[in-house]
Amino acid sequence: MLEIKFLRENPDVVKAGLRKRNYNDDALKIVDQTIAIDTDRRQSQTALDKLLAESNQSAKLIGNLYREGKRDEADKLKLEVASAKSKIKELEAHLNETEVALENALLSIPNLPHDLVPFGKGEDDNEVFQKWNQPLPDLGDKALAHWDLAKKYNIIDFGLGAKISGSGFALFRGKGAKLERALINFFLDEADKAGYEEIIPPLLVNEASARGTGQIPDKEGQMYYAEKDDLYLIPTAEVPVTNIYRDVILDNEDFSIKMTGYTPCFRREAGAHGSEVRGLNRVHQFDKVEIVRIEHPTKSYQVLDEMLDHVRGLLEKLELPYRILRLCGGDTGFTSALTYDFEVYSAAQKRWLEVSSVSNFETYQANRLKLRYRDADGKRHLAHTLNGSALALARIVAALLENNQTEDGILIPKALVPFTRFEKID
RNA sequence: GGAGGAAUGGCAGAGCUGGUUUAAUGCACCGGUCUUGAAAACCGACGUGCCUUUACGGGCACCGGGGGUUCGAAUCCCUCUUCCUCCGCCA
């Protein structure tokens, strides 16, 4: 969430940012409402502190009187103090209310978009930041979509996934399972080479963690929830991995922090339907390797570029046609300041599929996480957090199968063969 | 799942028969004196959040989380969480 101090001192900057997210005048009222709540909160705090200070003095005095044996005077003072207590209780309750209200107001305000973020309502307004310059692969009319290829070679079984769990669950078998495992290992090895520490985190997280990275309250409905134990199934490794640094104060020399993790990701995807969700295009469970960075604010945008290069490198090694989008204000995620999406071209469906999203959250997540660092001057500041998919498996598999199909079978990209230990699926 | 014990500042560790504790002490870290330099020794500073102040400063809260008793709670009570020991179950 945004820092209240910043919002208080720069309401116009905040409003301009929210306008880029298509807030109208009515919706913008939240800014002034939040400031009003904060004013109330601060006044209550001041009043309460004053009363508590007086009450502390009295308590000390009573203690001294008892010690000196002046019982009568002490009892008299006790009665006086008792009357102040109800007022303290009242103020405490009010302060608490304003604090909760302020928290809720701040949670409802999204991150401010970076200057580079284009104006726009939705995905059609995203800016193509890097085009695919070569001709797109043309497989002709006989090309099979990946769900047909999956059946033909018996490598992915959506029917069994549905039988065992429900629609939107895939079962990988044989070379399909091996391909999946090979991709995970390939992505992890590449991240390792780039200096990321490998993490295997818990796949179920508590509410504090879900809140820390912003899944709650924004995307609460997208997560599977184990009610009996009050745990959420992770929608991305970002959640457990970033939360390693919840409530932490770093030293300046602790930067850069580079972590990677492979996890399955669980998403309810309620409401999604139609051809968009066919096959591996959108599933409830998919594998993903995530890269996470925690950085000094002065370096975070340089690091964002570095992360883009990393993802580019992966797609080029896999020989997949891709393009990069810079998301517009309407499409940028709630917690992000600047997001780039990578899409690969799936040649049989003739569609671009999103396979990675790389974002800089600046201090927005860090403020929820209370993730700070001590600067050279000894003062504490919020750190910047970034993350990106490197990469999301399911759609990569879809594109690989479709693009590499031949009459003799599906060819495995050279870079991947050491991991699959077979050259084609036939 | 059952029984018992524990949770204090970066770490260790007192306090836990409620009131000179504004949390002792040691270590670590930082600044200084001494030294050619370093070590040792000595001196000093040394938590987090919020409110207030132009500033210097002042105030409040925090001893795992939440609630309660009391004029006053690290200390007493309730509750939750986590860790340790033992028993049971288990890949």
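A, B, ... follow the sequence lines: proteins, then strands. Residue 1 opens every chain.
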If the C1' atom of B:rA12 is compared with that of B:rG65, how far apart are they to the nearest Å?
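About 24 Å, rounded to a whole number of Å.
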Determine the interatomic distance between C1' on B:rA61 and the same-named atom on B:rG66; round to the nearest Å.
15 Å
Is there a side-chain polar atom (N or O) of [X] under 4.0 Å from OP1 or OP2 of [N]?
X: A:Lys85; N: B:rG72; result: yes
X: A:Arg42; N: B:rU52; result: yes
X: A:Arg372; N: B:rU48; result: no

For A:Tyr224 and A:Phe169, take the angle between the two ring planes, folded into 0 to 90°, and tell me which bin it lands in: parallel under 30, tilted 30 to 60, perpendicular over 60.
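Aromatic pair A:Tyr224/A:Phe169 classed tilted.
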Parallel, tilted or perpendicular: rings of A:Tyr364 and A:Phe334 (30°, 60°)
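Perpendicular: the ring planes of A:Phe334 and A:Tyr364 meet at over 60°.
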For residues A:His381 and A:Tyr373, establish whether the separation of their ring centroids is below 6.0 Å.
yes
Interface with RNA chain B, restricted to residues 49-58 of chain A and to heavy atoms under 4.0 Å
A:Asp49, A:Leu52, A:Ala53, A:Asn56
Under a 3.5 Å cut-off for both contacts, is B:rC30 paired Watson-Crick or G-U wobble with anything, and if yes, with which nucleotide?
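The answer is B:rG44, by the H-bond criterion.
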Verify whether one side chain among A:Thr213 and A:Arg368 offers a donor that lies under 3.5 Å from an acceptor in the other.
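Checked: A:Thr213/A:Arg368 side chains show no N/O donor-acceptor pair below 3.5 Å.
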Candidates B:rC71, B:rC51, B:rU48 - which lies nearest the side chain of A:Arg380
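The answer is B:rU48, which lies nearest to the side chain.
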Can you tell me which nucleotide in B:rU52, B:rG47, B:rC71 comes closest to the side chain of A:Ile62?
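Of the candidates, B:rC71 comes closest.
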